[in-house]
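To find a chain, count down the sequence lines: A is the first, B the second, and so on, and within it residues start at 1.
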There are 2 protein chains.
Amino acid sequence: MGATKTDHFSQRQNKVASLLKALGHPARIAIMEYLLKVNDCICGDIVNVLPLAQPTVSQHLKELKNAGLIKGSIEGTAICYCIDEKSLDFIHQYLGTMKQTLENKPNCC
Amino acid sequence: MGATKTDHFSQRQNKVASLLKALGHPARIAIMEYLLKVNDCICGDIVNVLPLAQPTVSQHLKELKNAGLIKGSIEGTAICYCIDEKSLDFIHQYLGTMKQTLENKPNCC
DNA sequence: TTATTATATTGCAATATTACGATAAATATT
DNA sequence: AATATTTATCGTAATATTGCAATATAATAA
């Protein structure tokens, strides 16, 4: 035991969960917010902004990238990371549908 | 090490992260979807619907409750669990703002 | 070529999560 | 009271995550 029983849930449920899980860490939220704040997205200075060591930041970036939340491309000696709008849209819409469904339901609590 | 450095991030960043983290598991997504689907929210049958043992489901419910995503109240022998609209609103709005901010930015990738 | 700079990877220790059997607690039913 | 039903908790094993020092890799600059 200890491993999530991924195969017992729908592909959609797993997709939603993995996106939200990737965002479920304050460092990764901070990274996303920083990517938003910076005008151009050559983001070699994320390490200087966060209270974490370079390998740790690199690992968080990798996780965000694996989840599909950010895109990265080599830009000379630096890496250009920026937010992938599509994945953000997807979870925003997912939660929006949830909210809307909730509004049409009687609530006992 | 191994523990998240919560105190190095803002309260807001931690709040967002903890809500999204709580949703970042397919079982908990499935629970939320089930709570939405069922008309009234006397939900003693979640265990029968999910491919997980009763203690596991109970633990997931506890996590959703701790995060503030669901509310639970004793209803005789059963427990009435249902979604807390406020927390759902919060993360939906958070992601919405992120999306909106992104739209006004030049995107290099 | 030899630094220099920037990012990634490896290896590892500390901690957290996931899952479940066994058991407890609380209430309802007989 | 005794039994059944429902949910929670405890204990524990397996696995995952977090964080960083050390090191590797890759591109640029001197």
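- In this structure, of D:dT18, C:dT18, D:dA21, it is D:dT18 that holds the atom nearest to the side chain of A:Arg28.
- Residue contacts shown for B:Lys21 are limited to sugar-phosphate atoms, with no base heavy atom under 4.0 Å away.
- The main-chain N or O of B:Gly68 is found under 3.5 Å from a side-chain atom of B:Ser87 such that the two form a donor-acceptor pair.
- At least one side-chain nitrogen or oxygen of A:His60 sits closer than 4.0 Å to the OP1 or OP2 atom of D:dG19.
- Looking at heavy atoms from C-beta onward, A:Tyr94 lies in side-chain contact with B:Ile29 at the 4.5 angstrom threshold.
- Of the residues near DNA chain D, A:Pro55 and A:Gly24, the one whose nearest nucleotide (by heavy atom distance) lies more toward the 5' end is A:Gly24.
- We find that CG of A:Leu61 is positioned 11 Å from C1' of C:dA8, with the value rounded to whole Å.
- Neither OP1 nor OP2 of D:dT6 sits under 4.0 Å from any side-chain N or O of B:Tyr81.
- Between the base of C:dA8 and the side chain of A:Gln59 there is no donor-acceptor pair shorter than 3.5 Å.
- Nucleic acid contact for B:Thr56: base, since at least one base atom lies under 4.0 Å from a heavy atom of the residue.
- The phosphate of D:dG19 (OP1 or OP2) has a side-chain N or O of A:His25 nearer than 4.0 angstrom.
- Closest of all the heavy-atom pairs between B:Leu61 and B:Ile70 is O-CD1, 3.6 Å.
- As rounded to whole Å, 10 Å separates atom P of D:dG19 from atom NE2 of B:His8.
- The separation between A:Glu63 atom CD and D:dT17 atom C1' is 7 Å, rounded to whole Å.
- Computed from coordinates, the B:Asn66 CG to C:dA16 P distance equals 15 Å when rounded to whole Å.
- Closest to the B:Ala3 side chain, of the nucleotides D:dT18, C:dT15, D:dC20, is C:dT15.
- Atom pair B:Ile46:CD1 and D:dA8:C1' shows a separation of 14 Å (rounding to whole Å applied).
- For the pair B:Pro51 and A:Lys62, both in contact range of DNA chain C, the more 5′-proximal nearest nucleotide belongs to A:Lys62.
- A straight line from CG of B:Leu52 to P of D:dA14 spans 19 Å, rounded to a whole angstrom.
- Nucleotide C:dT15 holds its C1' atom 15 Å from the CG atom of B:Asp7, rounded to whole Å.
- Counting heavy atoms from C-beta on, the side chains of B:Glu85 and A:Glu103 come closer than 4.5 Å.
- Base engagement by A:Gln54 is indicated by at least one non-hydrogen atom pair under 4.0 Å involving a base atom.
- Residue A:Ser58 places its side chain closer to C:dA8 than to any other of C:dA8, D:dA8, C:dA19.
- Residue B:Leu19 comes nearest to B:Ala67 through the heavy atom pair CD2-O, 3.3 Å, listed as atom of the first residue, atom of the second, then distance.
- Among the nucleotides C:dT18, D:dA21, C:dC20, the one closest to the side chain of A:Thr4 is C:dT18.
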